[in-house]
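This report refers to the structure that appears directly beneath it.
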Amino acid sequence: MDNNLDKWFEMVERLRCADTVWAKDDLPVEIIQTHISVILLGKDHVLKLKKPRDFGFLDYTTLEKRRNACDKEIELNRRLCPEVYLKTQPIVEDERGFCFSDNGNIVDYGVLMKRLPEEFMLDRMVTDNTITEAIVERIAEKLSKFHKNAQRGSEVDTFGSLETIRYNWEENFKQTESYIDRTISKADFELIHAWVYRWLEENEDLLKTRVNQGHICDGHGDLRCESICVADDISIFDCIEFNKRFRCADVANEVAFLAMDLIAYGRPDLGYFFFETYAQKANDEQLFKLYPFYRCYRAYIRGKVLSFQLDEKELGDEAHKAAKQRAKNYFRIATDSVRQLQELTIIMVAGLSGTGKTSVARGIAGELGLRVVSTDAIRKKLFGDKEKQFGYGKGKYDKQSNQLTYQKMLEMGAELLKKDGGVVLDATFIRNSDRENVKQLAKSIGAKYRLVECCLSPEKVQKRLDLRAEKKDGLSESNWQIYQQQKIDFEPIKIGKDKHLVINTEKDLLTNCRKAANWLRAKFQNEEKQKAVNG
C-alpha cells in the first residue's frame with residue numbers, strides 16, 4: 001500500500017468515517033488536502049497524514065519514511081507551539097476496523113494535534129476583518145524572539161549562500177516551466193527570471209554580509225496566514241520538516257513570506273506593517289533592501305506549489321479551478337515585486353482622517369519596495385500620549401506642533417529617499433504649503449514627486465472611524481468631529497493632474513494599491529520613453 005496512491009486514498013476515506021477513531025457526531029470528519037498531505041479535522045483533534053509520494057524534494061513513499069517525517073514534524077513544531085503537537089500516532093487496522101494504537105497491524109502514521117479554534121486562525125481573521133495592528137505586532141514579537149534563539153552555525157549558514165539561493169531559484173524556474181501560460185504568462189516568467197539573476201549579481205556582497213552577521217537560522221519555512229492561530233497565545237504551526245533547505249534561510253526570507261501572504265489575502269497594509277514592525281523589533285535595517293527579492297521568491301513558490309495541484313487528479317475540477325486562480329494571484333504578486341521605480345521618488349499619500357490614507361500608503365510602499373514615514377507615528381514619538389485629551393488644532397495638533405511634525409517628516413523622508421531611492425509620506429496634507437515643501441525637497445535632491453489623494457464619502461468615513469475606535473486599532477486619534485473640521489480646512493490641491501492621482505477608497509484596498517503603484521510605474525515609464533523620443 002505504501003506505493004499505491006489509489007489504495008492509500010481508499011484507506012484515508014475509510015479512516016475519516018471510522019467510528020472506532022472519531023466520535024459518531026463527528027462523522028464524516030472534515031478533510032483538507034495539500035499537494036503533500038491530507039488533514040482530517042475532528043472537533044477536538046486533527047490528524048495529519050503524509051501522502052505516499054516522491055516529489056524529489058521529499059519522499060514519503062514508505063511507512064518508515066512517513067513515521068520519521070511525523071516524528072520530525074512534531075519535534076520542530078514544538079518550538080513554536082509545544083501544547084498543540086501531541087504525538088506521532090500509529091494507525092492500526094484489525095477486525096473492528098481502524099483505531100489509534102501502538103500495537104497491532106500498523107497501516108500508517110499521522111501527526112496527532114489539538115484542534116485550534118477556527119475563528120482565531122489568521123487567514124480567517126483577515127477575511128472577517130477582526131484582525132488588528134496589535135495582533136500583527138504580537139506576531140512580529142513572537143517571531144523575532146523565535147528567530148533570535150533559533151539554531152545557527154556553519155551548517156545552517158550554507159543555506160544563506162549565493163550558491164544555495166541561486167540553486168533554489170533554478171529549481172523554481174525548472175519546476176514551473178510546464179505551467180507557463182497556465183498559471184504564469186511567458187512574459188512574466190521571463191521578466192522574473194531576468195530580474196532575479198540581475199539582483200543576485202548586484203547584491204552578492206549583501207548576501208555574504210547577511211551570512212557573516214548571523215542572519216541565517218533554522219526557522220519555520222512556511223509562514224502562511226493559514227499556519228497562525230491567535231487565541232490566548234499565538235500558535236505558529238505546520239513548519240517544514242521534510243527539507244532543511246526549505247526551512248533554513250535568512251530571517252528576511254521568512255518575514256517576507258508572511259508579509260506577502262497578507263497581501264494575497266487583500267491586506268497589503270498589514271503586510272507592510274508586519275514587515276516594518278519585525279524590522280524594528282529585530283533592529284535589522286537591511287531587511288528593507290531584501291524585501292522585494294524575498295517577497296518575489298515566496299510568492300513565486302506559493303504560485304508553484306498551487307500549480308502542482310493542477311496535476312493531482314484526486315483533487316477534482318473545483319479544487320483545480322481554485323488552485324489555478326490562487327496560483328495566478330501569487331504569481332502576480334511575484335511579478336509586481338520586481339517592478340520597482342527606477343528614479344528617486346517622493347510619493348505623498350494625502351487624505352482626510354478615515355479615508356484610508358495610511359493603509360494605502362503602506363500598500364504602495366510594499367508594492368514598490370519603499371518605506372513609509374507617517375505623521376501619526378512622528379507625532380506620537382515627539383509628544384507621546386500626554387496631550388491626547390486635546391482636540392483638533394490644540395495641544396500636539398496646534399500650528400507649532402504641526403509644523404514641527406511635518407518638518408520631521410521631511411527630514412526622515414529625505415534620509416530614506418537617499419538610502420532607498422524613494423519614500424512614501426503619509427499625512428493629511430491639508431495645506432498647500434505642506435505639499436509645496438515636499439515639492440521643494442524633491443527639487444533640491446533631484447527627485448520626482450507625486451501625490452496620491454484618498455477620497456471617501458462622509459457616510460463611509462464615519463463608519464470606518466467608529467469601527468477603528470471600537471477596535472482601538474492604529475496610531476491615529478482622529479474621530480468624526482476631527483474629520484469634519486479637516487474637511488472645512490482642506491485647501492484645494494494645486495499640483496498638476498499628471499502628478500496627482502485621486503482614488504476612491506471604497507474599492508478594495510489591494511485593487512487601489514495596485515492601481516496607484518501601476519500609475520506611478522506608468523508615469524515614469526512614459527517619461528523615459530518621451531525622453532528617448534526627444535533625444
Side-chain angles (χ1 to χ4, degrees), residues 57 76 79-80 139-140 142-153 155-173 175 192 195-197 199-200 202-225 227-228 236 238-264 271-272 274-279 281-305 330-331 333-334 336-338 366 369:
F57 58 84
L76 291 168
R79 297 175 301 168
L80 278 162
I139 295 170
K142 176 151 188 171
L143 195 66
S144 64
K145 288 180 178 178
F146 167 67
H147 284 158
K148 183 178 180 180
N149 298 313
Q151 181 185 348
R152 285 170 168 78
E155 182 187 355
V156 173
D157 283 345
T158 61
F159 297 104
S161 68
L162 176 64
E163 292 74 20
T164 299
I165 295 171
R166 183 182 287 119
Y167 177 85
N168 289 340
W169 269 111
E170 288 170 352
E171 181 178 68
N172 285 336
F173 290 136
Q175 290 176 340
I192 293 170
W195 183 86
V196 163
Y197 286 108
W199 192 95
L200 288 173
E202 293 172 354
N203 292 278
E204 182 175 357
D205 290 342
L206 174 60
L207 295 175
K208 288 180 180 178
T209 298
R210 297 294 290 178
V211 174
N212 294 335
Q213 291 181 349
H215 294 294
I216 316 303
C217 73
D218 189 332
H220 182 278
D222 197 21
L223 201 66
R224 296 175 289 136
C225 292
S227 301
I228 300 175
I236 303 177
D238 205 20
C239 82
I240 288 181
E241 90 288 340
F242 54 81
N243 193 321
K244 200 168 184 178
R245 177 165 58 91
F246 296 168
R247 192 177 66 248
C248 298
D250 194 311
V251 296
N253 185 327
E254 190 138 284
V255 181
F257 195 160
L258 183 55
M260 177 280 301
D261 210 39
L262 285 163
I263 295 169
Y272 174 87
F274 168 72
F275 197 86
E276 180 185 63
T277 303
Y278 178 97
K281 291 182 180 298
N283 193 27
D284 191 344
E285 181 71 16
Q286 294 172 335
L287 282 182
F288 290 95
K289 176 72 173 175
L290 296 158
Y291 179 55
F293 177 76
Y294 282 122
R295 188 183 104 148
C296 177
Y297 176 69
R298 285 305 188 175
Y300 199 95
I301 289 176
R302 288 299 295 145
K304 177 187 76 172
V305 169
Y330 281 107
F331 279 132
I333 294 172
D336 286 344
S337 299
V338 312

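Computed from a prediction, not measured in an experiment: that's the story for all the values here.
- Taking the centre of each ring, Y300 and F331 come in below the 6.0 Å mark.
- Residues D284 and V255 are not in side-chain contact: their nearest non-hydrogen atoms beyond the backbone lie 4.5 Å or more apart.
- Annotation: the span from D261 atom CG to I228 atom CD1 amounts to 8.5 Å, rounded to 0.5 Å.
- The number of heavy atoms from other shown groups lying within 6.0 Å of CG (N283) does not exceed 12.
- A salt bridge links R247 to D218: at least one charged side-chain nitrogen sits closer than 4.0 Å to a carboxylate oxygen.
- Of all the heavy atoms in P292 and G369, the pair that sits closest is CG-CA, 3.9 Å.
- Other residues, nucleotides and ligands place more than 12 heavy atoms under 6.0 Å from the CD atom of E170.
- Contact check for S337 versus M260: no side-chain heavy atoms found under the 4.5 Å cut-off.
- In this view, T164 and S161 satisfy the side chain to side chain donor-acceptor pair (under 3.5 Å) rule, not counting sequence neighbours.
- Using a 4.5 Å cut-off on side-chain heavy atoms (C-beta onward), V251 and R210 make contact.
- Proximity of a side-chain donor or acceptor of R166 to a complementary backbone N or O of Y197 within less than 3.5 Å is not detected.
- Atom CG in D205 sits 10.0 Å away from atom CG in L162 (nearest 0.5 Å).
- Side-chain contact between Q151 and R79 is absent, with no heavy atoms from C-beta onward closer than 4.5 Å.
- Shortest non-hydrogen contact noted between I240 and G221 is CD1-O, 3.3 Å.
- Nearest heavy-atom pair, G214 versus R152, reported as atom, atom and distance to 0.1 Å: O-NE, 2.6 Å.
- Side-chain contact check for F293 versus N253: every heavy-atom pair is 4.5 Å or farther apart.
- Tested against Y291, the residues F275, F274, F257, W199 include a single ring-ring contact (aromatic ring centres under 6.0 Å, His included) partner, F275.
- Side-chain contact check for D222 versus C239: every heavy-atom pair is 4.5 Å or farther apart.
- Between L290 atom CG and L207 atom CG the span is 7.0 Å, to the nearest 0.5 Å.
- Within 6.0 Å of the NZ atom in K244, the count of heavy atoms belonging to other residues, nucleotides or ligands exceeds 12.
- Partners of Y278 under the ring-ring contact (aromatic ring centres under 6.0 Å, His included) rule, at least two apart in sequence or in another chain, are H147.
- Between the side chain of K142 and the backbone N or O of L80 there is at least one donor-acceptor pair closer than 3.5 Å.
- For the pair L223 and E254, the tightest heavy-atom approach, listed with the atom from each and the gap, is CD2-O, 3.8 Å.
- Taking the six-membered ring where the residue is Trp, Y297 and Y294 present perpendicular rings, their angle passing 60° and hence far from 30°.
- Rounded to the nearest 0.5 Å, atoms CD1 (I301) and CZ (F246) are 7.0 Å apart.
- Within the model, atoms CG of L258 and CZ of R224 stand 11.0 Å from one another, a figure rounded to the nearest 0.5 Å.
- When all heavy atoms of S227 and D238 are compared, the pair lying nearest together is OG-CB, 3.9 Å.
- Applying the salt bridge (charged side-chain N to carboxylate O under 4.0 Å, His left out) test to residues at least two apart or on different chains, the pairs with a partner in residues 290-304 are R295-E367.
- Across all their heavy atoms, V211 and G160 have their closest contact at CG2-O, 3.5 Å.
- Here the CG atom belonging to D250 is positioned 7.5 Å from the CG atom belonging to L287, to the nearest 0.5 angstrom.
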